[in-house]
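Report on the following structure.
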Number of protein chains: 2
Amino acid sequence: MSERNSHRHLVIVAPGSTPEAAAHASDVASRAASSLSSASVFSDGELLLVGDLAKAVGKTVRAIHLYEELGLVRAHERSKGRYRLFTRDALVRVRWIIKLQSLGLSLSDIRALVRGQNDAASAKFAAMRLREVYVAKLVETQHKLSELKALESELEASLRFLSTCHSACESEASVDSCPTCERHPEQSNPPELVAGSRVN
Amino acid sequence: MSERNSHRHLVIVAPGSTPEAAAHASDVASRAASSLSSASVFSDGELLLVGDLAKAVGKTVRAIHLYEELGLVRAHERSKGRYRLFTRDALVRVRWIIKLQSLGLSLSDIRALVRGQNDAASAKFAAMRLREVYVAKLVETQHKLSELKALESELEASLRFLSTCHSACESEASVDSCPTCERHPEQSNPPELVAGSRVN
DNA sequence: CCTAACCCTTACCCATACGTTAGGGTTAGG
DNA sequence: CCTAACCCTAACGTATGGGTAAGGGTTAGG
């Protein structure tokens with residue numbers, strides 16, 4: 001992990017104004033505390049470059065760009081040279097996106113969710129919409145959990161079964177003899193995860 | 001679920017012989033007990049058409065074809081008219097494939113696994129290879145399990161938090177006021193799953 | 001002023017796991 | 001013989017979530 005960032009001071013451009021209009025606004029830079037990169041070095045009104053954000057959340061720059069294209073994140077402002085400048089809120093946002101992904105939502109699912117939040121007439125309504133999604137995802141997640149637990153048990157059973165193969169099977173026995181192998185005391189018939197591997 | 005299969009008797013063709021060579025082999029049909037479809041009706045030496053297999057395992061015909069192309073399943077034989085005829089072993093096999101998929105293996109992972117089993121010099125060696133894969137997958141699965149449990153907790157926490165929104169928030173409050181809303185007694189700061197939805 | 005290290009936009013590329021369509025044959029009851 | 005309901009092969013289409021490359025500008029220490 002080479003930490004070779006060294007010189008960072010960006011000129012900020014007010015949202016809505018053109019880059020040219022702010023061409024002589026380097027004073028703004030200090031006001032906005034826009035020292036960048038090496039996130040840990042700065043702690044106050046820090047702004048992040050896209051690469052900093054990406055590193056911080058463990059995604060690539062391309063991914064962040066994609067999320068922006070889809071309307072999932074937004075740079076708070078741009079530098080004079082059109083660099084995206086993110087606030088720390090973006091960290092929260094992108095981590096949120098990542099969590100939703102791991103809950104099984106696609107990026108367009110998330111897009112819809114974001115739209116729903118933005119279009120909500122009131123905070124209460126937004127909260128209701130969010131609730132609906134989360135309730136559904138909770139159910140799904142619990143489903144997945146029990147599926148995974150079942151798979152875990154099957155894997156464990158299969159490994160026990162295969163251990164018997166290891167310790168009791170003659171080295172030269174052909175694979176074809178496995179289905180009828182009689183050396184498995186605990187379980188007479190192999191687990192599906194083992195049986196399936198034997199079948200033609 | 002329309003059960004409109006009615007007339008099924010296929011002429012079987014011995015593996016290795018051409019369809020033409022078996023053109024007059026309808027006697028084979030009865031020997032092979034090739035009555036098809038409506039799987040539950042037959043129980044003995046039944047052979048399945050691809051559609052029957054597909055329905056039985058909850059996949060599409062196309063999926064079965066794909067698995068066959070990849071060398072993951074094989075029809076035991078073909079009818080005179082080149083219909084695939086599967087034994088019940090194929091059911092085991094395809095269900096195995098599906099389980100491996102839900103363990104996170106791609107079809108080519110599975111292909112490699114199948115090759116490894118087929119190429120194994122001995123049953124013991126095949127079992128060892130299988131073990132390695134399953135051990136790795138067990139670890140992964142346990143990882144996923146704890147991730148999912150964490151997500152479950154977060155969802156539950158978020159839902160509790162959002163319930164407070166529902167009961168204590170004024171209807172007209174704007175979404176922007178949420179981050180600073182002071183009506184949440186239990187937790188002063190919103191869960192990430194809630195916080196992330198508020199951020200621009 | 002120079003330069004390393006970033007960043008910008010545009011746009012085509014990729015693997016996975018099927019879906020779908022096309023054009024045509026098969027099966028078996030009636 | 002007719003027909004509904006299947007099946008066959010071949011081949012192109014699709015959505016996802018970025019990867020990667022091209023061509024060019026920006027930032028800031030030195």
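Just so it is clear: chains get the letters A, B, ... in the order the sequence lines come, proteins before strands, and each one is counted from 1. Below, each value reflects all heavy atoms present in this structure, side chains not excepted, and no hydrogens, waters or symmetry copies.
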Nucleotide C:dC12, atom P - distance to CD of A:Glu69 in whole Å: 14 Å

Qualifying residues under side chain to side chain donor-acceptor pair (under 3.5 Å), relative to A:Arg131, sequence neighbours excluded: B:Ser163

Shortest side-chain distance from B:Val50, nucleotide among C:dA17, D:dC7, C:dT27: D:dC7

Residue list, salt bridge (Lys or Arg N to Asp or Glu O under 4.0 Å) with B:Glu156, at least two apart or on another chain: none

Set of side chain to side chain contact (heavy atoms under 4.5 Å, CB included) partners for A:Val92, sequence neighbours left out: B:Ala195, B:Val199

Between C:dT27 (P) and B:Leu48 (CG): distance, integer Å: 17 Å

Partner set under salt bridge (Lys or Arg N to Asp or Glu O under 4.0 Å) for A:Arg115, not counting sequence neighbours: none

DNA chain D-proximal residues of residues 94-102 of chain B, any heavy atom under 4.0 Å: none

Under 4.0 angstrom between B:Ser79 side-chain N/O and C:dT26 OP1 or OP2: no

For A:Glu132, salt bridge (Lys or Arg N to Asp or Glu O under 4.0 Å) partners two or more places apart: none

Side chain of B:Ala63 (C-beta onward), nearest among C:dC7, D:dG18, C:dC18: C:dC18

Out of D:dC7, C:dC7, C:dT9, whichever nucleotide has its closest atom nearest the side chain of A:Tyr83: C:dC7

Interatomic distance, B:Arg84 CZ vs C:dT27 P [rounded to whole Å]: 14 Å

Under-4.0 Å side-chain N/O to phosphate OP1/OP2 contact, A:Tyr67 with D:dG17: no

Distance in angstrom units between B:Arg82 CZ and C:dT27 C1', rounded: 16 Å

Those residues of residues 103-115 of chain B lying under 4.0 Å from DNA chain C by at least one heavy atom: B:Ser106, B:Leu107, B:Ser108

Whole-Å gap separating P (D:dC7) and CG (B:Leu85): 11 Å

Step-by-step side chain to side chain contact (heavy atoms under 4.5 Å, CB included) determination, A:Leu151 to A:Leu148: CA-CA 5 Å; A:Leu151 285 173; A:Leu148 269 191; 4.1 Å; yes

Rounded distance (Å) that lies between atom C1' of C:dA17 and atom CG of B:Leu70: 9 Å

Ion pair check, A:Arg95 and B:Glu192, cut-off under 4.0 Å: no

With sequence neighbours excluded, residues passing side chain to side chain contact (heavy atoms under 4.5 Å, CB included) with A:Val114: A:Leu72, A:Arg93, A:Trp96, A:Ile110, A:Asn118

Length of the line joining B:Leu72:CG and C:dT16:P, which is rounded to integer Å: 13 Å

Pair B:Arg111 + B:Glu69, salt bridge at N-O below 4.0 Å: no

Minimum-distance nucleotide (side-chain atoms of A:Arg62 versus C:dC8, C:dT20, D:dG19): D:dG19

Partners passing side chain to side chain contact (heavy atoms under 4.5 Å, CB included) against B:Asp109 (at least two apart in sequence or in another chain): B:Leu105, B:Ser106

Contacts of type salt bridge (Lys or Arg N to Asp or Glu O under 4.0 Å), residue B:Glu152, not counting sequence neighbours: none

Rounded interatomic separation in angstrom, taking NE2 from A:His65 and C1' from D:dT16: 19 Å

OP1 or OP2 of C:dC18 under 4.0 Å from side-chain N/O of B:Lys59: yes

Structure string for DNA chain D in dot-bracket form, Watson-Crick and G-U at under 3.5 Å, | interchain: ||||||||||||||||||||||||||||||

Side chain to side chain contact (heavy atoms under 4.5 Å, CB included) against A:Glu140, all qualifying residues, sequence neighbours excluded: A:Lys137

